[in-house]
Amino acid sequence: MAIHGQGESSGKVILMGEHSVVYGEPAIAFPFYATNVIARLEDLDTSTTDQLVSSYYIGSLPDAPHALKNIKLLIASLKEQHHILGNLRLTIESTIPAERGMGSSAAVATAITRAFYDAFSLPLSREQLLTHVQISEKIAHGNPSGLDAAATSSLEPIYFTKGHPFDYFPLNIDAFLIVADTGIKGQTRAAVKDVAHLFDVNPQETGQKIQQLGYLTKQAKKAIIENSPEKLALAMNDSHILLKSLTISNDLLDTLIDTARFAGALGAKLTGGGRGGCMIALAQTKTEAQEISSALLEAGAVSTWIQGLGVHTYA
Ligand code: PMV
């Protein structure tokens, strides 16, 4: 019998709490439907190995480059767990820019896991999905908090604290978010490691900054519940100052953040692992968001997206 399965997943945006989430502080993230991944799986009678078809690499999966090790191991562990012996062809189509803090690796793992369970008509619980995605994320990121896995597989915004049950809440705020890609690969793994090093050499100061980031995330949640874009923007601005002091920003991120504020953004910060990747800015109206987006593209962003935050999600 021919096997065919398909799985999808979206990108994600971390609104608040990147890095501090690794240390047990809360974070707010949401699925970002403007970007997505589709994975397809079919059985292969004619091949001696699993095959991968993607924009990055086409060929035998076991021979894929090191950067795809997370996918190799994910497929191997899915097959082993479910006693699948035959070879498979995995096709990945993604509009999520890789290594830009948009959760590309977690989204790919989510889509693959869903495609696998679909192909073999197996029921997939949220816990099983997250366990598989974490296997892949550990290889991609080293010490992931689980936030990316949770946000890319979610249908709703998430208030995430490592090791705690997920807390979903409506992102119902009268504002628009602009996401801008620096075009520079983010360096999540190195940045997470460097924050850990700062902790080792200066535990008191670093610990305080992490706690302040957590406090700002809580303030941001309050601001969202009260529908106060101004308060959310303040929390975003203060959070960027702290992330910068933890060495997580870079020149282009800082330039784009200044540009967004100059062009009328209420607030702006980096998003995700940092040192490249994306920044986000908050605007009151869609017209202002479009103006900020144009200014960001002029200042060097390679792509921008605009998303309504709840009240205007479908505007
Ligand atoms: O760069 P991204 O989008 O994968 O985000 C990483 C978020 C961190 O908090 C820096 C790490 C983590 O595991 O939560």
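For ligands, and for the atoms within them, numbers begin at 1 and follow the listed sequence. Since the structure is predicted, the reported quantities are computational estimates derived from the model, not experimental observations.
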For Thr285, check side-chain contact (heavy atoms from CB on, under 4.5 Å) against everything at least two apart and list the hits.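 Thr285: side-chain contact (heavy atoms from CB on, under 4.5 Å) contacts with Thr287, Glu288.
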
Who's the nearest protein heavy-atom neighbour of [atom], and how far?
atom	result
atom 11 (C) of ligand 1	Val22 CG2, 3.9 Å
atom 9 (O) of ligand 1	His19 N, 2.9 Å
atom 3 (O) of ligand 1	Lys12 NZ, 2.4 Å

With backbone taken as N, CA, C and O and side chain as the heavy atoms from C-beta onward, which portion of Ile14 lies under 4.0 Å from ligand 1: side chain, backbone, both, or neither? side chain

Please say which of Thr247, Thr182, Asn250 ends up in a side chain to side chain donor-acceptor pair (under 3.5 Å) with Arg275.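 When Thr247, Thr182, Asn250 are each tested with Arg275, the side chain to side chain donor-acceptor pair (under 3.5 Å) holds only for Thr247.
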
Looking at the rings of Tyr159 and Phe166, which for Trp means the six-membered one, are their centres under 6.0 Å apart?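 No, the ring centres sit 6.0 Å or more apart.
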
Looking only at the aromatic ring of each residue, does the gap between the centers of His132 and Phe116 stay below 6.0 angstrom? no

Would you mind listing which atoms of ligand 1 come within a distance below 4.0 Å of any non-hydrogen atom of [X]?
X	answer
Gly272	1 (O), 3 (O), 5 (O)
Ser145	12 (C), 13 (O), 14 (O)
Gly273	1 (O), 2 (P), 5 (O), 6 (C), 10 (C)
Val21	9 (O), 14 (O)
Glu18	9 (O)

Which is it for Glu137 and Ser105 under the side-chain hydrogen bond (donor to acceptor under 3.5 Å, both in side chains) test, yes or no, and what are the steps along the way? CA-CA 7 Å; Glu137 282 293 273; Ser105 59; 2.7 Å; yes

Hey, is ligand 1 close enough to Gly101 that some N/O pair sits below 3.5 Å? yes

One pair to check against salt bridge (charged side-chain N to carboxylate O under 4.0 Å, His left out): Lys221 and Glu226. What are the steps and the verdict? CA-CA 9 Å; Lys221 186 180 180 191; Glu226 291 168 11; over 6 Å; no

For atom 4 (O) of ligand 1, which of the options Thr188, Ile248, Asp148 provides the nearest non-hydrogen atom? Asp148

What pair of heavy atoms forms the shortest contact from Pro31 to Gln307, and how long is it? O-NE2, 3.8 Å

Between Arg40 and Glu93, does any NZ, NE, NH1 or NH2 come within less than 4.0 Å of an OD or OE carboxylate oxygen? yes

